[in-house]
Number of protein chains: 2
Amino acid sequence: MANSFTEENYLKIIHNLSGPEGAEVSTNALAEGTATRAASVTDMLKKLAEKGLINYKKYQGVTLTEMGEKLALKIIRKHRLWEVFLVEKLGFGWDEVHDIAEELEHIPSDRLVDRLSAFLGNPQFDPHGDPIPDAKGNMPTADYLKLSEVEIGDKVLMMGVLDHETPFLQHLDRSGIMLGCRMEVREINDYDRSALVLIDDVKTLFISQEVSKNLLVQRL
Amino acid sequence: MANSFTEENYLKIIHNLSGPEGAEVSTNALAEGTATRAASVTDMLKKLAEKGLINYKKYQGVTLTEMGEKLALKIIRKHRLWEVFLVEKLGFGWDEVHDIAEELEHIPSDRLVDRLSAFLGNPQFDPHGDPIPDAKGNMPTADYLKLSEVEIGDKVLMMGVLDHETPFLQHLDRSGIMLGCRMEVREINDYDRSALVLIDDVKTLFISQEVSKNLLVQRL
DNA sequence: AAATATTTTTAGACTAATCTAAATCTTTTT
DNA sequence: AAAAAGATTTAGATTAGTCTAAAAATATTT
Ligand SMILES: [Mn+2]
Ligand SMILES: [Mn+2]
Ligand SMILES: [Mn+2]
Ligand SMILES: [Mn+2]
């Protein structure tokens, strides 16, 4: 039997909450992530365990099985490829594509995904800088640091965002911060960790820690 | 409240069965079209009537309201645009795209549809020759006739198909019949109405009435 | 115009995904 | 190591979409 949208969303959210080490995810965390109640989560976990997609023991939290992990990566691959399509081909802003991709990610057909990927030039990263797993589930690695972690004088490239919500992305747009731009940290205020940053060698900008904590960068 | 996939499918099927004059559609016809039982159809018709999408009086069959018609055309527009995308941009064959489009047609977002349409050059017809409604619901008119209706000596252009199923389309592929090809009817057998047709001035082909009844053409 | 056949609707039930409230297990605090 | 707090599961309902079987309406045939 195929998997419902709901089941796919659970897998994706378990994957995301589970982090790179595949840690256990709690029922409550999932209730929060799926915007449902803990009781509903328990029901769904039983079903996913039944299907062999998660490891579940009562009261012990869940992890994805190998099969569940594969499926989660497939959904994430679709999500991110569609985001690339929407931005690169249809001209959407990076702040507009997440919600549409939430729907498109559930369209089945492996051939569709692979052809879409080829059409887009097999991109490695989505419009938010997130890595796109290949057809086999391999994620391009990229170990970035947060802008809030770099020091005065460091020169970095802006490589991704941690907050994917529209208001944050629009704030970056208004500030002229975009993927690939060059940043040089000029000052860091001890008091609130806000920073003065030179963008693309032309413009200086004040960036609050609130913002710099959500910017992924790479040292030059 | 938004409309579910199921509701959207009912609207589309009512539209299709209703024909160009918007004739009443029977419960049984819908049961057949939706691959469900008549009792289930009755339930759904009550709901759609409740929402003001259809005109429904017990035992009398249904028609779409203006609102229902608008919605149906929107779904058909999406379906056909995605089919164009799949064929023109992703390189799928015309026999492979219908089922995928059945899913994509339910993705919401008017902006997505309009941008997709623009990206494709606002096409007027889909890969099967079916007209694509514009954003306002206007269908390009095209009054074609069936190949089975033309006479000996007539020269026509192949403009569309009535059967959208994979086996039929693959049969056409194998026969070298494609949208836009030129056809000249050389002979028609009285007995079974099969025809001998010259394709693109180079190749003659036997076409059974089974096939010619499903080919839409335009007189030259 | 009856009788018969066909179509459609109603009645009652099932599954998936959700909920609230109550019960139970686990963790933390005293 | 009890008690209290917190997290999780169970119990029992609800809604959407479906089903079968039976009843009611309509259409067709005699
Ligand atoms: Mn996203
Ligand atoms: Mn993204
Ligand atoms: Mn189609
Ligand atoms: Mn089509």
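Order of the sequence lines sets the chain letters (A, B, ...), proteins ahead of strands, with each chain counted from 1. Side chains included, hydrogens not; waters and symmetry mates left out as well; all remaining heavy atoms used.
Residues H79(B) and H98(B) place their aromatic rings such that the two centres sit under 6.0 Å apart.
One interatomic measurement links the two molecules: CG of N9(A) to C1' of dT18(C), which rounds to 15 Å at whole-angstrom precision. The nearest whole Å value for the distance from the CD atom in E8(A) to the C1' atom in dA16(C) is 15 Å. Rounded to an integer number of Å, the gap from NZ of K57(B) to C1' of dA25(D) is 16 Å. For the pair K51(B) NZ and dT15(D) P, the interatomic distance rounds to 15 Å; values are reported in whole Å. Following rounding to the nearest Å, Q60(B) (CD) and dA27(D) (C1') show an atom-to-atom distance of 12 Å. Computed from coordinates, the E32(B) CD to dT8(C) C1' distance equals 16 Å when rounded to whole Å. Here the P atom of nucleotide dA16(C) and the CG atom of L45(A) are 16 Å apart, to the nearest Å. Rounded to whole angstrom, the span from the CE atom of M44(B) across to the P atom of dC19(D) amounts to 11 Å.
Residue-level contact check: T6(A) touches the backbone only, with heavy atoms under 4.0 Å from sugar-phosphate atoms and none from bases. Nucleic acid contact class of T36(B) (heavy atoms, under 4.0 Å, all strands): sugar-phosphate only. Among the protein residues, Y56(B) comes within range of the sugar-phosphate backbone only, with heavy atoms under 4.0 Å from sugar or phosphate atoms but none that close to a base.
Among dT18(C), dT18(D), dC19(D), the nucleotide with an atom closest to any side-chain atom of R37(B) is dC19(D).
OP1 or OP2 of dT9(C) sits under 4.0 Å from a side-chain N or O of T42(B). Between dT9(D) and K46(A), no contact under 4.0 Å exists linking OP1 or OP2 to a side-chain N or O. Listed pair N28(A) / dT8(D) meets the phosphate criterion, a side-chain N or O lying under 4.0 Å from OP1 or OP2. Residue T27(A) places at least one side-chain N or O under 4.0 Å from the OP1 or OP2 atom of dT9(D). The shortest distance between the side-chain N/O atoms of K58(A) and the OP1/OP2 oxygens of dT10(D) is below 4.0 Å.
Within 6.0 Å of NZ in K70(A) there are 12 or fewer heavy atoms belonging to other residues, nucleotides or ligands. More than 12 heavy atoms of other residues, nucleotides or ligands lie within 6.0 Å of CD in Q170(A), so this atom counts as buried by the packing criterion. Heavy atoms from other residues, nucleotides or ligands lying under 6.0 Å from CD of E210(B) number 12 at most.
Remark: K89(B) fails to qualify as a cation-pi partner of F85(A) under the 6.0 Å distance and 45° angle criteria applied to the six-membered ring.
Projected onto DNA chain C by closest heavy-atom contact, S26(B) and Y59(A) fall at different nucleotides, the more 5' of which corresponds to S26(B).
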